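Per chain, numbering begins at 1; letters A, B, ... match sequence-line order. None of these values were measured; they are calculated from a predicted model.
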There are 2 protein chains.
Amino acid sequence: MTTAESGSLLAESVYRTLVDQIFEGALPPGAPLSVPALAARLDVSRSPVRESVQRLIHEGLAVHVPHAGARVLQLDEDAVRDVLAVREALDGLAAQEAARRASADDVAGLLELVERQADLLEEPTDPLRDARLDVELHTRVREVSGNRPLADALRRLDAQAHLYTSGMWAEESNRRIAVVEHRRIADAVAAGDADGARRAASAHVAAISVRMRRWRMSH
Amino acid sequence: MTTAESGSLLAESVYRTLVDQIFEGALPPGAPLSVPALAARLDVSRSPVRESVQRLIHEGLAVHVPHAGARVLQLDEDAVRDVLAVREALDGLAAQEAARRASADDVAGLLELVERQADLLEEPTDPLRDARLDVELHTRVREVSGNRPLADALRRLDAQAHLYTSGMWAEESNRRIAVVEHRRIADAVAAGDADGARRAASAHVAAISVRMRRWRMSH
DNA sequence: ACGGGCGGTATTACATGCAATACCCCGGTG
DNA sequence: CACCGGGGTATTGCATGTAATACCGCCCGT
């Protein structure tokens with residue numbers, strides 16, 4: 001994170017609002033991000049809004065079009081596949097390093113997250129909540145890996161991919177498969193099996209890629 | 001690139017100036033980046049400077065310290081190793097995809113760059129120039145890979161690592177080894193040998209990591 | 001009817017004003 | 001001599017002013 005500091009930073013709260021709206025669909029891919037319009041809508045000046053929009057661009061959630069402001073990122077299928085290809089390599093690396101360095105507490109926290117996700121299978125679907133928990137789980141693994149540049153790189157990629165994979169959480173089968181695959185990763189990390197963790201994590205992302213393509217075709 | 005557009009964007013030129021000064025050592029790691037001070041020194045208003053500094057932060061070349069502005073990134077040895085570990089995975093992936101997709105022109109351009117680097121061995125050392133050519137070479141491979149998210153992620157990592165590896169170009173042996181390793185990568189890409197390219201590129205980064213550690217110890 | 005040029009409009013990019021706030025040095029005190 | 005508190009100072013963060021510029025729809029000429 002750049003700063004985090006929960007201090008009442010206006011730009012920070014604007015940023016979070018925009019991110020939330022993007023993920024909730026209020027700002028769909030391709031939507032224009034006009035600084036004056038957003039400033040009026042959120043009732044703040046243009047400065048924090050401009051800063052937030054530029055941050056979105058840097059984080060890869062928006063693109064800057066030369067003379068027409070910014071727009072929410074719009075990926076075609078190939079681009080999503082590219083993102084997932086990178087994640088395949090990096091999440092594998094993260095899991096591998098996590099398996100080497102995980103403390104007992106780390107392992108406990110990880111397993112607990114997986115169980116929480118498993119418990120949610122009994123409840124009705126809430127795609128947004130499920131997607132968030134999934135992000136948290138992956139994020140945890142990356143934190144445990146202790147490699148901050150790695151975690152930073154993955155955070156960006158995640159944000160982009162989740163614009164296009166979050167819808168999949170609505171489907172029961174995908175939720176079940178995800179839990180199984182997550183458990184495999186967590187177990188390997190718990191066992192200190194670095195290579196197994198790497199393979200499990202890479203396979204998980206690869207499987208997401210396949211599922212996504214199928215899901216998109218059936219739409 | 002994010003915007004690039006040749007328009008005379010003040011913020012863009014300020015950004016480039018700052019990056020140059022960072023890599024040339026005028027702004028060494030840990031140096032404070034005071035917005036008003038830089039604005040006065042560069043004779044522009046604070047707006048483009050503020051924007052540029054925030055961009056540096058997002059790109060990973062500077063860190064924001066809660067109540068004391070920003071400072072040029074300062075990595076310890078472990079962090080550099082982490083960065084290189086990520087690059088090992090990603091540059092391998094980039095070379096692999098490049099080998100699959102390279103056109104005849106791509107290959108020609110790549111080989112020409114390597115030869116240019118080889119020719120430079122005959123001339124006296126110019127660390128800054130050599131480092132730039134090295135970046136260009138790696139960047140070219142990533143462009144050829146056609147995976148933009150991958151190239152973007154690597155660009156950031158490169159920037160960070162180069163703060164700490166650029167000094168190595170002063171040494172003759174390192175320059176020679178680099179050319180050899182680059183040629184291996186380029187040859188594999190030219191031959192369409194995806195797996196060989198991946199291994200060559202990963203090995204190259206791993207070797208950089210080893211050389212860097214040795215170079216740092218000898219100081 | 002259709003193509004080309006033109007003004008209205010909204011936007012960006014930059015400059016600057018302003019208040020709040022945290023740091024630092026320095027002098028005073030136990 | 002060590003420690004603590006207060007004022008000065010510089011900085012951030014936000015708001016707003018302003019010029020240049022590119023786009024869009026409309027009107028006019030052919």
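Partners of B:Ser45 by side-chain hydrogen bond (donor to acceptor under 3.5 Å, both in side chains), not counting sequence neighbours: none found. Scored by the side-chain hydrogen bond (donor to acceptor under 3.5 Å, both in side chains) test, A:Arg50 finds B:Glu51 as partners (sequence neighbours excluded). B:Trp169 meets the side-chain hydrogen bond (donor to acceptor under 3.5 Å, both in side chains) test with no other residue; sequence neighbours excluded.
The stretch residues 137-161 of chain B participates, sequence neighbours left out, in these ring pair (Phe, Tyr, Trp, His ring centres under 6.0 Å) pairs: B:His138-B:His182, B:His138-B:His204. For residues 16-37 of chain B, no pair satisfies ring pair (Phe, Tyr, Trp, His ring centres under 6.0 Å), with sequence neighbours left out.
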Open item on the list: Walk along nucleotides 8-17 of chain C from 5' to 3' and tag each nucleotide B, S or - by protein heavy-atom contact under 4.0 Å, base first, then sugar-phosphate.
Closed with: ---SSBSBBB

